[in-house]
Peer 1: 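To start, I am sharing the structure in question, which I have written as structure tokens.
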Amino acid sequence: MSNAMDVIWPALPAFLVGARNTIFYCVAAFPLALLLGLLLALMDESRFIWLSNPARIFIEVVRGTPIVAQIFIVYYGLGAILASLHPSWALWINSWTAGIGTLALNYAAYEAEIYRAGFQSVDKGQEEAAYSLGLSPSQNFFRIQLPQAIPLMIPPFVNDFIYLLKDSAIISVIAGTELTSVLNFFVRKNASNPLPFFFLAIVLYLLMSLPVSYVAKRLERRLRAAF
């Protein structure tokens, strides 16, 4: 045990920086994914095909392609497009913006499906009753559908946030610094004894994900009691 600590202790500051960056990527990307996912879900449910078809195509393409391909397209493809428009614009695309943007776009497709399932779980009779009482479609959505759907959507949202913590490791392929990239650096540097670093990374991932799960369960219980 002491030998393992002797190996881990000098590396701990770097691992903590990686964990901090992982949290930053996720905290920045997930709200964007929720907002874009809501927009995609509303577009997908629209009766106008010029809204529903692009949303459905985006959702299926993103869900059907690997995230590593998506991050390369954002990092290299979008960077090249911006550079062709104006050389200084290419500076906007770096490991931070490309990482956050890719995670947000990727998870927006999954959040859209969660929103859609949540909205469809609300009894249609309530929607008809709301309209008979004179509520507008927006009032029906915000006062009837959304409050009842939110408690049902929280568990899958939490699961996706935890998956996002782990999927943020993909940022290492574009030279971003997060927990997995730090782990890879120390494993390569200490190839003869990598296990302590894997253990440290697992502990840090658990310390990041377990509090989120605990808070979400408490929030879900409160929302179910309120609604």
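Source: prediction; values computed, not measured.
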Peer 1: For the residue pair L164 and L103, establish whether any side-chain heavy-atom pair is separated by less than 4.5 Å.
Peer 2: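 L164 reaches L103 side chain to side chain.
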
Peer 1: Just by modelled atom types, is the F157 backbone N or O under 3.5 Å from a matching donor or acceptor in the E111 side chain?
Peer 2: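 No.
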
Peer 1: Taking the side chain as everything from C-beta on, heavy atoms only, tell me whether R20 gets closer than 4.5 Å to V17.
Peer 2: yes

Peer 1: What residues, two or more places apart in sequence or in another chain, satisfy side chain to side chain donor-acceptor pair (under 3.5 Å) together with Y107?
Peer 2: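 Per chain and number, Y107 pairs via side chain to side chain donor-acceptor pair (under 3.5 Å) with D167.
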
Peer 1: Ignoring hydrogens and angles, tell me if any N or O in the side chain of S213 forms a donor-acceptor pair with the backbone of L210 under 3.5 Å.
Peer 2: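 No, the answer is negative, given that no donor and acceptor are paired below the 3.5 Å cut-off.
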
Peer 1: Which pair of heavy atoms, one from P156 and one from I114, lies closest together, and at what distance?
Peer 2: CB-CD1, 3.6 Å

Peer 1: Take D160 and F30, measure what side chain to side chain contact (heavy atoms under 4.5 Å, CB included) needs, and give me the verdict at the end.
Peer 2: CA-CA 9 Å; D160 277 357; F30 199 66; 4.1 Å; yes

Peer 1: Can you find a pair of side-chain heavy atoms, one from T180 and one from Y205, that are under 4.5 Å apart?
Peer 2: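 Of all side-chain heavy-atom pairs linking Y205 with T180, at least one is under 4.5 Å.
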
Peer 1: Which heavy atom of A112 sits nearest to which heavy atom of I59, and what is that distance?
Peer 2: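 Closest approach of A112 to I59, heavy atoms only: CB-CD1, 3.8 Å.
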
Peer 1: Are any of the side-chain heavy atoms of I8 and F15 separated by less than 4.5 Å?
Peer 2: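 They are not in contact (no side-chain heavy atoms under 4.5 Å apart), so the answer is no.
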
Peer 1: Mark yes or no for whether T102, through its side chain, and G99, through its backbone, hold a donor-acceptor pair below 3.5 Å.
Peer 2: no

Peer 1: What residues form a side chain to side chain donor-acceptor pair (under 3.5 Å) with T97, not counting sequence neighbours?
Peer 2: N94

Peer 1: Using side-chain heavy atoms (C-beta onward) and a distance below 4.5 Å, is F58 in contact with L105?
Peer 2: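 Yes, close enough: below the 4.5 Å cut-off.
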
Peer 1: Closest approach of I171 and S95, non-hydrogen atoms and distance?
Peer 2: CG2-O, 4.0 Å

Peer 1: State, yes or no, whether a side-chain contact exists between I174 and I71 at a heavy-atom distance under 4.5 Å.
Peer 2: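 Result yes, sub-4.5 Å side-chain heavy-atom pair found.
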
Peer 1: With heavy-atom distances below 4.5 Å as the criterion, would you say the side chains of L204 and L179 are in contact?
Peer 2: yes

Peer 1: Can a side-chain donor-acceptor contact be found between E45 and S52 if the only test is distance below 3.5 angstrom?
Peer 2: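 Checked: S52/E45 side chains show no N/O donor-acceptor pair below 3.5 Å.
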
Peer 1: Which atoms form the tightest heavy-atom contact between F186 and A11, and what is the distance?
Peer 2: CE2-CB, 3.5 Å

Peer 1: Could you grab the distance from atom NZ of K166 to atom CZ of F161, nearest 0.5 Å is fine?
Peer 2: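 Reported to 0.5 Å precision, the distance equals 12.5 Å.
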
Peer 1: Mind listing the closest non-hydrogen atom pair of A169 and S172 along with its distance?
Peer 2: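 Looking at all heavy atoms of both residues, the shortest contact is O-OG, 2.7 Å.
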
Peer 1: For the residue pair W96 and Y25, categorise the inter-ring angle as parallel (less than 30°), tilted (30 to 60°) or perpendicular (more than 60°).
Peer 2: parallel

Peer 1: Sort and list the pairs that fulfil salt bridge (Lys or Arg N to Asp or Glu O under 4.0 Å) and have at least one residue in residues 46-67, not counting sequence neighbours.
Peer 2: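 Checked against salt bridge (Lys or Arg N to Asp or Glu O under 4.0 Å) - neighbours excluded - the pairs reaching residues 46-67 are D44-R56, R56-E60, R56-E113, R63-E113.
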
Peer 1: With a 6.0 Å cut-off (strictly less than), is the heavy-atom count around CZ of F24, excluding the residue itself, greater than 12?
Peer 2: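 Atom CZ in F24 is not packed in, count stays at 12 or less.
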
Peer 1: Indicate yes or no: at least one non-hydrogen side-chain atom of L32 is less than 4.5 angstrom from one of L36.
Peer 2: no

Peer 1: Evaluate whether atom CD1 of I49 has more than 12 neighbouring non-hydrogen atoms of other residues, nucleotides or ligands under 6.0 angstrom away.
Peer 2: no

Peer 1: Looking only at side-chain N and O atoms, does E178 offer a donor or acceptor that is under 3.5 Å from a partner on N21?
Peer 2: no

Peer 1: What's the shortest heavy-atom distance between G118 and A149, and which atoms?
Peer 2: O-CB, 3.5 Å

